[in-house]
Amino acid sequence: MTTEQQTVDQQAAGPRPHTELWVERTGVRRYTGRSSRGAEVLVGSEDVEGVFTPGELLKIALAACTGMSSDRPLARRLGDDYDATVRVSGTADRENEVYPVLEEILEVDLSELDEDAAARLLVVVERAIDAVCTVGRTIKAGARVDLSIETD
């Protein structure tokens with residue numbers, strides 16, 4: 001199916017419903033993140049067991065976006081059952097409360113390809129990630145965050 005056919009199919013199906021996202025406080029420095037599609041994630045500070053910190057979720061979102069953005073070109077060349085892991089790390093600058101550098105490593109076995117085919121595939125994969133990884137593109141571009149506070 002071409003991209004044009006996919007776009008026509010999506011338009012015929014109508015607009016995608018907007019997914020609502022929110023967090024609810026469930027304890028001291030503990031929250032549960034929820035989506036209107038029924039997903040949940042436990043969020044809290046580093047001293048709370050069994051939760052992700054917000055910074056860890058940022059890193060996981062980046063790694064997942066990289067993986068998903070590279071999925072089609074890798075599956076086309078390696079088959080749908082290929083294995084991949086995206087590792088992500090970055091130390092917080094606590095004085096400024098930012099992650100100055102986030103490092104990703106995409107681990108994928110290309111040993112069945114010759115050197116030239118592997119190199120061409122990596123170019124395609126990097127282009128795909130640069131073009132469609134919304135999380136990575138947002139981090140690189142910087143995003144304005146508008147906060148409003150509602151009170152009773």
Side-chain angles (χ1 to χ4, degrees), residues 1-24 26-27 29-93 97-145:
M1 178 179 288
T2 67
T3 303
E4 189 173 295
Q5 289 169 322
Q6 289 173 344
T7 302
V8 170
D9 289 348
Q10 288 170 353
Q11 290 171 348
R16 290 183 184 169
H18 178 71
T19 300
E20 292 185 40
L21 302 171
W22 67 97
V23 297
E24 296 174 352
T26 56
R29 300 196 42 85
R30 285 185 68 100
Y31 288 77
T32 298
R34 301 183 193 280
S35 84
S36 58
R37 295 192 331 269
E40 292 185 350
V41 63
L42 302 178
V43 185
S45 59
E46 282 186 13
D47 60 339
V48 177
E49 287 298 314
V51 301
F52 289 104
T53 68
E56 290 166 343
L57 288 174
L58 174 73
K59 293 176 202 176
I60 286 173
L62 177 62
C65 192
T66 294
M68 292 172 65
S69 298
S70 65
D71 199 77
R72 281 200 175 139
L74 288 171
R76 254 193 321 266
R77 190 65 176 93
L78 303 175
D80 286 335
D81 61 345
Y82 79 92
D83 292 323
T85 301
V86 182
R87 299 190 187 280
V88 62
S89 62
T91 303
D93 169 354
E97 289 299 331
V98 297
Y99 291 98
V101 177
L102 295 174
E103 296 173 342
E104 290 184 285
I105 301 171
L106 171 58
E107 299 171 353
V108 62
D109 182 1
L110 301 182
S111 62
E112 67 183 48
L113 304 178
D114 66 47
E115 192 174 310
D116 288 340
R120 285 191 306 273
L121 178 57
L122 291 177
V123 168
V124 170
V125 166
E126 287 181 18
R127 285 182 183 161
I129 294 166
D130 287 343
V132 299
C133 178
T134 305
V135 176
R137 292 173 60 86
T138 300
I139 290 170
K140 289 174 185 174
R144 187 181 81 222
V145 177

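The basis for the numbers below is simple: all heavy atoms, side chains too, and nothing from hydrogens, waters or symmetry mates. These numbers come from a predicted model, not from an experiment.
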Quiz item: So how far is it from Thr134 OG1 to Ile139 CD1, rounded to the nearest 0.5 Å?
Solution: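 Here the interatomic distance stands at 11.0 Å.
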
Quiz item: CG of Leu106 to OG of Ser69: how many Å apart, nearest 0.5 Å?
Solution: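 One gets 11.0 Å once the value is rounded to the nearest 0.5 Å.
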
Kindly write out the residues that satisfy side chain to side chain contact (heavy atoms under 4.5 Å, CB included) with [X], not counting sequence neighbours, or none if the list is empty.
X	value
Thr19	Leu21, Ser35, Ser36, Arg37
Ala117	Arg77, Leu113, Asp114, Arg120
Glu112	Leu78
Thr26	Arg30, Thr32

Heavy atoms only: give me the nearest [X]-[Y] pair and the separation to one decimal.
X	Y	answer
Glu56	Thr53	OE1-N, 2.8 Å
Leu62	Gly136	CD1-CA, 3.6 Å
Ser70	Gly67	OG-O, 3.0 Å
Lys59	Tyr99	CE-CE2, 3.4 Å

Listed by chain and number, what are the salt bridge (charged side-chain N to carboxylate O under 4.0 Å, His left out) partners of [X], not counting sequence neighbours?
X	result
Glu20	none
Glu115	none
Glu49	none

Give the table of side-chain donor-acceptor pairs shorter than 3.5 Å for residues 38-47, with sequence neighbours excluded, one pair per line with atom names and distance.
from  : atom 1 : to    : atom 2 : distance (Å)
Glu40 : OE2    : Arg34 : NH1    : 2.3
Ser45 : OG     : Asp47 : OD1    : 2.3

Quiz item: Residues two or more places apart in sequence or in another chain: which of them pass side-chain hydrogen bond (donor to acceptor under 3.5 Å, both in side chains) with Asp116?
Solution: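 Not a single residue meets the side-chain hydrogen bond (donor to acceptor under 3.5 Å, both in side chains) criterion with Asp116.
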
Under 3.5 Å, which donor-acceptor pairs do the side chains of residues 80-91 form with other protein atoms, sequence neighbours left out?
from  : atom 1 : to     : atom 2 : distance (Å)
Tyr82 : OH     : Asp71  : OD1    : 2.9
Arg87 : NE     : Glu107 : OE1    : 3.4
Arg87 : NE     : Glu107 : OE2    : 2.8

Quiz item: Tell me the salt bridge (Lys or Arg N to Asp or Glu O under 4.0 Å) pairs involving residues 126-140, sequence neighbours left out?
Solution: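 The answer is Asp130-Lys140.
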
